[in-house]
Amino acid sequence: MVQLLFFYFALVVIGLGLRIVTAKNPVHCVLLMLVLFFHMAGLYLLLNAEFLAAVQIIVYAGAILVLYLFVLFLVDLREEVKMSPFIKKGKWLGIVGAIALFLTFLRGVMNFSLGPHGQYTIEKIQQMTHTKAMGEAIYTTYILPFEVAGIILLVAVIGGLAMAKREK
Amino acid sequence: MRIKYDTKKKLAEQIFLLEILKGLWLTLRRLFSRSVTIQYPKERKELFPGFRGKHALIRDPETNQAKCVACMRCSSVCPARCISIRYSVDEKTRARKVDSYEINALRCIFCGYCEEVCPVNAIVLTEDYEYSDYTRQPFHFDMERLLKNWDEFLEKNNLEPDKYLNPFLRPRGLPLGELPAGKRIDVPEEWTYEGQVIWKDGKAVSAKEAASN
Amino acid sequence: MELLWILIKIVIVFAVVMLHVMYATYFERKVIGHMQVRMGPMRVGPHGILQPIADGLKLFFKEDIIPAEADKKVFYAAPLICLISALSAVAVLPFFEGFAIANINIGLLYIFAMSSLASYGVVLAGWSANSKYSFLGGLRSSAQVISYEIAMGLSLVGVMMLSGSLNLTDIVHAQMNSPYKIYLIPQIIGFFVFVVAMFAETNRTPFDLPEAESELVAGYCTEYSGMRFALFFMAEYIGMIVMSCLAVTCFLGGWSGPFDVPGIPFFWFLLKAYFFIFLYYWVRATLPRYRYDQLMALGWKVLIPLALFNIVLTGTIKSLFG
Amino acid sequence: MVHLSWYLTVSALLFCIGVFGFLTRRNIIMMLLSIELMLNSVNLNLAAMSHYMEDLRGQVLVFFIIAVAAAEAAIGLGIVVTLFRNHRSVYTEDITTLKG
Amino acid sequence: MEPLEIAKKIKERFPDQVIDVEEHRGQVGVIVKKDRIVELLRWLHDDPALHLNHLADLCGVDYLGKKDVRFEVVYNLYSIPLRHGIRIRAQVPEDDCQIESVTSIWMGADWHERECYDLLGITFGGHPDLRRILLPDGWEGHPLRKDYPLDGGGKNWSGYDKVLERSKKLRKYDFYGTYQDPTKKTGIEDARE
Amino acid sequence: MLENKAQLRLVKGDEATHEPYTIAMGPQHPATHGVLKLDLELDGETVLECKPTVGFLHRGVEKLAENLSYAQTLPLTDRLDYIASMANNVAYSIAVEKLLDIEVPLRAKYIRTMVMEMARLTGHLLWLATHALDIGAMTVFLYCFREREILLDMFEEICGARLTTSYTCIGGVRQDVTGHFLESLYDFTEDFPSKIKEYETLIDKNRIWLKRTQDVGIVSAEDAVSLGLTGPTLRGSGVDYDVRKHMPYDAYPYVKFEVPIGSKGDVYDRYRCRMEEMHQSNSIIRQCIEALPTGPIRAADAPDLVMPYGIQKKVAADATFSSGIIKLVKDSERYIEGDVYVAAEVPKGELGFYFVSDGKGVPYRMHIRSPSYIHIGALSFLCKGQMVADVIAIIGSVDVVLGECDR
């Protein structure tokens with residue numbers, strides 16, 4: 001059952017990924033990306049990371065992708081769909097590069113071995129719920145990165161505002 | 001008079017949305033009040049006499065024909081020019097005979113001038129307002145149809161032909177001397193020039209009464 | 001066996017929700033009608049009781065018009081996105097003790113996720129129709145939904161802090177064990193923010209500018225007709241119902257009541273939810289509409305600071321007395 | 001039983017797709033979207049490892065990556081909007097000058 | 001101030017411009033030449049003793065066959081603070097059918113003048129946007145001229161012809177199955193015959 | 001397939017310039033109060049340029065009037081401002097009476113003032129209804145219609161029509177009022193202030209309403225006069241100009257009323273002005289009822305309805321049918337050459353009629369100075385720099401009717 005689900009999610013994710021980088025209409029790309037995020041969330045659920053699944057949808061699908069949509073609407077798409085989506089002669093270069101990279105990765109994956117196990121076993125996480133476990137980890141051990149992430153977000157907000165602001 | 005432009009609210013009003021709550025209270029009260037609408041096809045509004053509706057030619061009870069004498073006043077006063085009359089003149093008596101009398105109700109703007117100027121009260125705009133149809137043809141009233149309209153109107157409202165009163169047949173408040181003979185019909189006292197109403201002590205009374213008191 | 005039970009639950013909840021949607025339209029027209037000293041639907045059946053069925057039939061059999069210049073795929077998909085995201089949110093609502101289709105640990109987050117997806121349907125509907133009015137409506141709506149989502153999420157943080165859980169059933173249980181029995185009293189600020197955000201999130205008056213008929217004709221659904229329009233309509237009403245249920249669950253103690261009504265475990269829940277749905281109608285009959293920038297200002301300058309203040313207050317009180 | 005290597009393969013594949021998209025797409029917005037794809041593959045990788053190592057480190061990192069991805073999207077798209085304002089174009093070959 | 005006094009003042013200020021002063025039912029109209037009309041009206045508007053700041057009405061009149069000068073542009077002026085008014089009638093001959101625009105004095109004159117141009121064909125020099133307003137663009141003739149044929153000259157407006165053509169094209173969809181091509185004979189008609 | 005954007009530009013043949021987002025608001029749009037079309041150029045939601053297009057309802061009333069007698073044109077004035085047609089009737093009648101020098105009897109003057117103020121109420125009620133609906137307060141709409149219906153019923157009682165009244169005639173009114181009418185009107189005036197309060201409860205202090213109306217569509221006093229605005233739209237800017245006070249007609253010199261004047265000239269000021277005007281109208285109606293004198297309702301020298309087109313021409317020889325025609329021929333000296341401009345204060349503003357007579361029974365030239373026409377012309381000035389939602393509020397606040405605008 002779990003394997004079946006995994007294969008379904010994995011196949012859809014790969015297929016959608018391919019479609020996204022090749023589709024002509026950017027809005028369709030974004031829509032497919034939305035579906036991809038859902039399947040990504042499904043994979044997270046298979047990994048018992050329910051909080052991550054929720055965050056994936058709320059932040060990625062609910063916020064980031066909408067931002068992409070907005071910016072896409074700013075650009076005149078009517079012309080875009082008439083043009084080839086790829087840069088000149090870049091397509092084959094990209095395919096070759098990507099395949100080479102994949103082969104390298106595959107080599108790494110084949111020789112990969114896990115390090116020592118930690119303390120958060122699946123049973124423990126399920127018992128205290130994933131959200132709580134994440135919370136405890138973030139607010140105790142990883143409090144400094146958390147603060148840094150907060151600052152990065154703040155910087156991003158200010159930077160975004162400054163850039164998008166119209167020159168008077 | 002300069003109007004107030006003072007909309008500053010007190011702090012309590014600002015925080016507790018008092019004006020919005022007042023509005024909500026009003027709509028809630030109205031939820032339980034009687035509604036004012038009329039469920040039209042089931043209920044109908046009572047019309048006042050003189051409503052300018054479907055055209056009709058009054059049938060003279062004596063001759064059973066239209067009263068029209070073809071004076072052409074209605075057709076010449078009609079701003080929309082929707083009345084067309086053809087008549088012939090009797091050689092001997094110099095009397096006119098109406099050959100055809102046609103009203104194009106689709107052109108009519110229902111101003112009521114025709115019934116007001118008619119010296120013999122032949123034409124009338126009846127209080128019938130429901131005569132829609134799918135084609136244009138039924139709105140082209142000829143004489144027969146106009147007389148039939150009159151009969152239908154009487155039947156529908158259970159009226160007697162000589163009891164029908166319409167303020168355009170005898171304009172309210174005009175002195176008798178200003179009216180042509182045909183228009184001098186019996187009307188309630190309130191409609192006559194002498195019986196004009198005025199306002200006195202919180203109610204409408206006729207001028208005569210007001211003078212006698 | 002368990003799967004079958006879940007399926008049965010899904011069917012029941014789906015049927016009940018759909019019935020509610022149908023009659024929510026009817027009661028909306030009736031309530032607003034009587035508030036406006038008229039009668040509302042009266043012709044179909046006694047007091048127009050069959051009106052929703054007539055409307056449904058009409059919408060089903062109406063011609064489905066698609067603008068020639070529309071992006072057809074997206075145009076088809078947009079109402080479905082709206083409807084599905086609205087319907088999925090129903091799955092985690094606990095209607096009475098032990099009855100929720102999915103009793104998951106991140107129930108609250110799940111509802112947020114689903115309601116944030118609804119903005120896709122709207123913005124894509126606005127874009128794909130290739131009509132300027134639709135487009136403006138779509139943009140307005142998604143901006144509105146995204147910004148009010150933040151206020152709504154923050155307003156519920158207080159509830160999460162008090163109950164210590166994201167599971168809706170646990171939240172109700174925590175409320176029953178709390179001193180006031182409902183979170184309305186300790187979380188009055190959060191409740192206020194939530195109610196305002198709830199109106200905005202579902203695009204209802206006074207925040208109905210995405211479909212403000214006097215400005216943008218009908219906003220994002222200007223070009224939709226027939227069944228596809230009905231899908232948007234259903235999504236809106238399901239959204240209203242979900243938001244009302246969420247308010248009941250998080251602030252009014254869910255299915256608990258002053259006394260148990262035997263045989264009807266969901267009595268109190270429905271009663272409270274109906275009150276919120278009535279509130280939607282009531283406000284619609286009373287208030288004018290905000291302007292777009294004012295709406296944004298209200299969200300960002302009033303509601304979000306208020307919600308943050310509420311969080312700080314709740315945290316302080318909880319750390320001092322809890 | 002799902003093996004860790006399966007997750008890693010899926011993740012690697014998705015990453016390569018992202019790389020392909022980033023290298024070849026003409027539209028800057030689509031390039032940014034490809035980066036999101038790559039970030040997602042990394043997230044999957046981390047979450048899977050974290051799951052199999054029975055440690056939360058990886059998942060916490062995923063959480064941070066999502067947060068930073070939001071920041072990245074905001075900044076990146078802000079730049080795109082500015083570019084579009086100045087050049088009336090979002091295509092890589094149209095944007096050849098190093099002006100703001 | 002009485003209208004006749006105003007007329008007198010105008011005569012004093014612009015002796016060569018005023019042609020005649022007419023009084024009718026207590027209202028006074030000053031007939032002037034069109035040459036210095038803007039100057040005259042600006043003076044009327046700005047002079048503190050007159051201060052005719054409200055342009056109540058602006059319209060054109062066609063005196064075809066009645067007067068030597070065919071057109072007149074009529075300005076009905078009123079002073080809101082001083083409560084007096086006067087009418088200025090500027091003569092516009094047919095062969096030089098043009099007068100200066102007063103939009104620089106009254107913003108509201110804009111649409112009045114467009115209407116006057118639209119319906120009477122008097123052009124206003126210096127008007128910012130002199131287009132047809134009540135009638136569609138591409139209308140032929142100026143309907144309020146006395147020589148405009150009452151039946152429209154037997155010709156349809158070109159835009160109407162376009163609409164007719166378009167409706168003919170759309171008829172091929174035959175939404176309700178009611179349209180019958182007049183060139184084709186249908187079975188029903190045969191049956192009737 | 002095109003390779004890049006430069007090629008595309010070649011195909012399209014134009015530079016990719018920044019075009020503003022344009023929206024055609026109308027002619028079929030719920031908030032343009034008829035067939036008004038506004039071409040809005042937007043930057044985001046801010047209006048850069050607003051170009052009104054009118055004429056969709058043009059019927060050529062002025063041309064028609066040149067071929068109809070004075071009396072026959074009167075029903076056409078119903079169709080100008082069709083939501084307060086009584087006021088147009090009165091305005092037209094007083095203009096013709098000035099041209100023909102007819103003195104109206106006092107009773108008719110009072111009745112006319114009464115119905116004119118009723119028309120003002122119907123007009124303002126419909127304005128408030130639609131204005132509130134445009135801003136989103138839909139309940140006010142139906143509350144206003146509730147009262148408007150009562151007024152329309154009264155119109156029906158005295159003249160037989162609810163909307164296209166044609167109630168006045170040259171030299172008076174066509175029908176006398178009835179006792180029932182007076183009583184129901186009096187009851188209405190007793191009740192009406194509380195109804196105004198009801199509308200005000202819903203919107204007057206409401207923070208959303210205030211936000212939507214205050215500081216929106218501001219027009220200064222100088223600009224307002226220069227634009228030719230009249231009526232409450234002008235008075236909202238603080239200019240004290242009311243035709244009823246400045247050039248009194250009918251019974252207005254005999255009744256006491258005040259003219260509400262705003263200060264800032266924004267939508268809210270115009271709204272308050274009209275609301276106050278409703279109170280004033282109510283009081284005028286009451287004074288008219290109480291002071292209604294007895295006497296004729298038509299002037300003795302009023303021309304017959306069947307006015308001949310050419311005075312010299314004798315109409316259908318049978319003058320015996322009517323006393324009117326004899327009278328008319330006798331009075332033919334009053335048809336002389338000349339021109340008059342007479343204005344009246346209708347709900348929308350100053351409705352003026354400019355007549356040129358060449359001594360016949362038909363006007364040689366009639367020009368209608370319709371307030372809505374001027375107000376729509378001012379829209380592009382008012383809407384500049386506002387937001388789309390404000391455009392709606394501004395259209396509502398200047399209160400236009402397209403029947404009057406397009407004529």
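Keep in mind that the numbers below use all heavy atoms, side chains included, and drop hydrogens, waters and symmetry copies. Each chain gets a letter, A, B and so on, in the order the sequences are listed, and its residues count up from 1.
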Per-residue tally against chain B (heavy atom, under 4.5 Å) across F:Gly295, F:Ser263, F:Ala291, F:Gly262 peaks at F:Gly295
What pair of heavy atoms forms the shortest contact from F:Leu292 to B:Ile198, and how long is it? O-CG2, 3.4 Å
For residues B:Gln196 and F:Val177, determine if any side-chain heavy atom of one lies less than 4.5 Å from a side-chain heavy atom of the other. no
Of B:Ile109, B:Leu24, B:Leu125, B:Thr37, the largest count of non-hydrogen pairs under 4.5 angstrom with chain F goes to B:Ile109
What part of F:Asp266 is in contact with chain B, defined as an atom under 4.5 angstrom from a non-hydrogen atom: side chain, backbone, both or neither? side chain
Working to the nearest 0.5 Å, report the span between CG of B:Leu26 and CG of F:Leu202. 5.0 Å
Is the shortest heavy-atom distance from the side chain of B:Val36 to the side chain of F:Glu149 under 4.5 Å? no
Expected output: side-chain F:Gln72 to main-chain B:Ser76 donor-acceptor under 3.5 Å: yes
Please indicate whether F:Arg59 has more than 12 foreign heavy atoms, meaning atoms of other residues, nucleotides or ligands, lying under 6.0 Å from its CZ. yes
One should read off an interatomic distance between F:Leu68 CG and B:Cys78 SG, to the nearest 0.5 angstrom, of 9.5 Å
Does CD in B:Glu91 sit with more than 12 non-hydrogen atoms of other residues, nucleotides or ligands closer than 6.0 Å? no
B:Glu116/F:Arg174 ion pair, N-O < 4.0 Å: yes
Structural part of F:Thr165 lying under 4.5 Å from a heavy atom of chain B: backbone
Any side-chain heavy atom of F:Tyr143 sitting closer than 4.5 Å to one from B:Thr27? yes
Distance from B:Phe110 atom CZ to F:Leu163 atom CG, nearest 0.5 Å? 13.5 Å
Does the distance from a Lys or Arg side-chain N to an Asp or Glu carboxylate O, for B:Arg30 and F:Glu198, drop under 4.0 Å? yes
Exercise: identify the closest heavy-atom pair between B:Tyr113 and F:Leu74: OH-CB, 3.6 Å
State plainly whether the residues F:Glu200 and B:Lys22 are in salt-bridge range, i.e. N to O under 4.0 Å. no
Say whether, by atom type as modelled, one donor and one acceptor occur between the side chain of F:Gln175 and the main chain of B:Pro167 under 3.5 angstrom. yes
So F:Ile158 and B:Arg172, do their side chains get closer than 4.5 Å, heavy atoms only? yes
Measure distances from B:Phe168 to the heavy atoms of chain F and classify the residue's part below 4.5 Å as side chain, backbone, both or neither. both
F:Thr139 versus chain B, heavy atoms under 4.5 Å apart: side chain, backbone, both or neither? side chain
Check each atom of F:Glu183 against the heavy atoms of chain B and say whether the ones under 4.5 Å are side chain, backbone, both or neither. both
Rounded distance (nearest 0.5 Å) linking atom CG of F:Asp153 with atom CZ of B:Phe48: 6.0 Å
Given that the side chain runs from C-beta out, which part of F:Cys273 has a heavy atom under 4.5 Å from chain B: side chain, backbone, both or neither? both
Contacting region of F:Arg207 [heavy-atom separation from chain B under 4.5 Å]: both
So with a 6.0 Å cut-off around NZ of F:Lys197, is the heavy-atom count from everything else above 12? no
Chain F contact via B:Leu47 - side chain, backbone, both or neither, heavy atoms under 4.5 Å: both
Greater than 12 external heavy atoms within 6.0 Å of B:Glu43's CD: yes
Shortest non-hydrogen contact from F:Thr178 to B:Trp191? CG2-NE1, 4.5 Å
Heaviest contributor of heavy-atom pairs below 4.5 Å to chain B, chosen from F:Gly238, F:Cys169, F:Gly179, is F:Gly179
If you compare all heavy atoms of B:Arg52 against all heavy atoms of F:Thr164, which two are closest, and at what distance to 0.1 Å? NH2-O, 2.8 Å
Under the rule for side chain to side chain contact (heavy atoms under 4.5 Å, CB included), what residues qualify as partners of B:Leu174, not counting sequence neighbours? B:Pro171, B:Glu178, B:Leu179, F:Ile297, F:Arg298
Taking the side chain as every heavy atom from C-beta outward, state whether B:Glu19 and F:Ile208 have any atom pair closer than 4.5 Å. no
Using side-chain heavy atoms (C-beta onward) and a distance below 4.5 Å, is F:Tyr186 in contact with B:Lys203? no
